Enquirer: 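Mind looking over this structure? Questions follow.
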Amino acid sequence: MGDNSGGNQSLKVSADSMLTVAEKAPLTFQKKLRSDLDSKLPKPYLARALAAPDTENVHGTWGHKHRNMSVLQQHVAFFDQDDNGIIYPWETFKGNSVFSMIMKIICMILSGFRDLGFNIFACVFLSMLIHVAMSYSTLPTWLPSPLFPVYIENIHKCKHGSDSTTYDTEGRFVPANLENIFSKYGHTKTDKLTFKELWHMTDSSRNAFDFFGWTASKLEWGVLYMLAKDSEGFLSKESVRRCYDGSLFDYCANAQKGAIGKTA
């Protein structure tokens, strides 16, 4: 009989090339990747331009209109109250107040975070922070604007480091990277994150000396946690997925309006 050691060696090399853990890298055991994605979602590593699918929603958010925008553009389009492709600070702020009739009248000329239910102080802070940080990168000219507009067409230029890489550099959505967030860090529940797990995830995604990215990532995920956590303090994968395509904001705004209607 012939020596089959060469064939066995080839099989071993082939098997090794598909492993997602390395014996001398303990983190690869602690932060596991899903190996079954191909059977759950067609081409999970293919970046999607118009939809944000996952293993439970292979076509993305049912009923959500993409309007031929990239997923990242859809993420911010909620804040474009007049639908002209430009977001101004007063649009990001505007909304309906539940505190008093006076606040309702004032907020009628405003939008965004107030519609989502954030209090007025958080709205002012977040509106200023977002527009100061993001406006210049999206401008179509080299000259800064004193109005700090954000141009949706160029929102991909605001993608920062130390993120989950679920958006690619052109604003497309990578389903596998969303799934990996929860396979790596969802230890309490496989499809949900606690605040501690979320904090650990943002720590683990940090790039060296990327101070802006570190801060932006903490703020973004912190705001999302405050907006979408459930009664048990978990942030679900479905909420995260719908945040990426912006449909979560419409849902929360409608829910908030319903709550206001009940208390008005």
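Owing to the predicted nature of the structure, the values given are computational and were not obtained by experimental measurement. Excluded from the calculations below are hydrogen atoms, water molecules and symmetry mates; all remaining heavy atoms, backbone and side chain alike, are included.
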Enquirer: The criterion is salt bridge (Lys or Arg N to Asp or Glu O under 4.0 Å); which residues satisfy it with K229, sequence neighbours excluded?
Expert: none
Enquirer: Can you tell me how far apart CG (N180) and NZ (K31) are? Round to the nearest 0.5 Å.
Expert: 12.0 Å
Enquirer: Work out which heavy atom in T190 is nearest to a heavy atom in F182; give both atom names and the distance.
Expert: O-CB, 3.4 Å
Enquirer: I need the E220 CD to T202 OG1 distance, nearest 0.5 Å.
Expert: 10.5 Å
Enquirer: May I have all residue pairs that pass ring pair (Phe, Tyr, Trp, His ring centres under 6.0 Å) and include part of residues 29-68, sequence neighbours excluded?
Expert: none
Enquirer: Give the C-alpha distance, both sets of side-chain angles, the deciding distance and a yes or no for side-chain contact (heavy atoms from CB on, under 4.5 Å) between N154 and L139.
Expert: CA-CA 7 Å; N154 298 324; L139 295 181; over 6 Å; no
Enquirer: State whether the side chain of Y185 and the backbone N or O of T194 hold a donor-acceptor pair below 3.5 Å, judged by distance alone.
Expert: no
Enquirer: Verify side-chain contact (heavy atoms from CB on, under 4.5 Å) between V150 and F79, making sure each step is shown before the conclusion.
Expert: CA-CA 10 Å; V150 172; F79 298 94; over 6 Å; no
Enquirer: Just verifying a value: how many Å separate K65 NZ and D250 CG, rounded to the nearest 0.5 Å?
Expert: 11.5 Å
Enquirer: Could you check whether any side-chain N or O of D80 sits under 3.5 Å from a backbone N or O of N84, counting only pairs where one atom can act as donor and the other as acceptor?
Expert: yes
Enquirer: Hey, any chance W142 and F148 share a hydrophobic cluster, counting ILVMFWY side chains that come within less than 4.5 Å of each other, even indirectly?
Expert: no
Enquirer: Give, for atom OG1 of T28 and atom NZ of K184, the distance between the pair rounded to the nearest 0.5 Å.
Expert: 10.5 Å
Enquirer: With sequence neighbours left out, write down each residue that passes side-chain hydrogen bond (donor to acceptor under 3.5 Å, both in side chains) with R172, or none if nothing qualifies.
Expert: D168, E170
Enquirer: Just checking W214: does its CH2 atom have more than 12 heavy atoms from other residues, nucleotides or ligands closer to it than 6.0 angstrom?
Expert: yes
Enquirer: Is there a path from I155 to M69 through hydrophobic residues (I, L, V, M, F, W, Y) whose side chains come within less than 4.5 Å of each other?
Expert: no
Enquirer: R241 and T61: side-chain donor and acceptor closer than 3.5 Å?
Expert: yes
Enquirer: Using only heavy-atom distances, determine whether the side chains of Y244 and S164 contain a donor-acceptor pair under 3.5 Å.
Expert: yes
Enquirer: Answer with yes or no whether the hydrophobic clustering places W199 together with Y225; edges join I, L, V, M, F, W, Y residues whose side-chain heavy atoms lie under 4.5 Å apart.
Expert: yes
Enquirer: Look at the side chain of Y251 and the backbone N and O of G246, then say whether any donor-acceptor pair between them is shorter than 3.5 Å.
Expert: no
Enquirer: What are the two closest non-hydrogen atoms of T166 and I181, and how far apart are they?
Expert: OG1-CD1, 3.9 Å
Enquirer: Could K237 and E56 be called an ion pair, given the rule that one side-chain N must be under 4.0 Å from one carboxylate O?
Expert: yes
Enquirer: Quick one: does S236's side chain have a donor or acceptor within less than 3.5 Å of a partner on K192's backbone?
Expert: no
Enquirer: Can you list everything that forms a side-chain hydrogen bond (donor to acceptor under 3.5 Å, both in side chains) with Q30? Sequence neighbours excluded, please.
Expert: none
Enquirer: Please state whether the rings of H75 and F249 are parallel, tilted or perpendicular, taking 30° and 60° as the class boundaries.
Expert: tilted
Enquirer: Hey, does the side chain of S217 reach the backbone of G213 with a donor-acceptor pair shorter than 3.5 angstrom?
Expert: no
Enquirer: With sequence neighbours excluded, tell me which residues meet side-chain hydrogen bond (donor to acceptor under 3.5 Å, both in side chains) with D36.
Expert: R34
Enquirer: Are the side chain of S137 and the backbone N or O of C158 linked by a donor-acceptor pair below 3.5 Å?
Expert: no
Enquirer: Are R48 and D245 close enough for a salt bridge, meaning some N to O gap below 4.0 Å?
Expert: no
Enquirer: For the CG atom of D38 and the OG1 atom of T55, what is their distance to the nearest 0.5 Å?
Expert: 12.5 Å
Enquirer: Please name the pair of heavy atoms, one in L37 and one in P44, separated by the smallest distance, quoted to 0.1 Å.
Expert: CB-CG, 3.7 Å
Enquirer: Measure centre to centre between the rings of H156 and Y167, then say whether the value is under 6.0 Å.
Expert: no
Enquirer: First locate atom OG1 of T165, then atom CG of L178, and finally report the distance between them rounded to the nearest 0.5 Å.
Expert: 10.5 Å
Enquirer: Are L50 and F173 grouped together when hydrophobic residues (ILVMFWY) are joined by side-chain heavy atoms under 4.5 angstrom apart?
Expert: no
Enquirer: Please identify each residue that fulfils side-chain hydrogen bond (donor to acceptor under 3.5 Å, both in side chains) with K159, with sequence neighbours left out.
Expert: D163
Enquirer: With side-chain contact (heavy atoms from CB on, under 4.5 Å) as the criterion, how do E179 and D54 come out once you've worked through the C-alpha distance, each side chain's angles and the decisive distance to 0.1 Å?
Expert: CA-CA 7 Å; E179 300 292 346; D54 65 0; 3.1 Å; yes
Enquirer: Could you tell me which non-hydrogen atom of V71 sits nearest to which non-hydrogen atom of A51, and how far apart they are?
Expert: CG2-O, 3.4 Å
Enquirer: Testing the basics here: between L248 and C243, what is the closest heavy-atom pair and its distance to 0.1 Å?
Expert: CB-N, 3.7 Å
Enquirer: Strictly distance-based, threshold 3.5 Å: is any side-chain N or O of S239 a donor or acceptor partner for the main-chain N or O of L235?
Expert: no
Enquirer: Are I130 and L227 co-members of a hydrophobic cluster defined by side-chain heavy atoms under 4.5 Å apart?
Expert: yes
Enquirer: Please check this pair: side chain of E197 against backbone of H187, looking for a donor-acceptor N/O pair closer than 3.5 Å.
Expert: yes
Enquirer: Do you know which two heavy atoms are closest between A47 and V174, and how far apart they sit?
Expert: CB-CG2, 3.9 Å
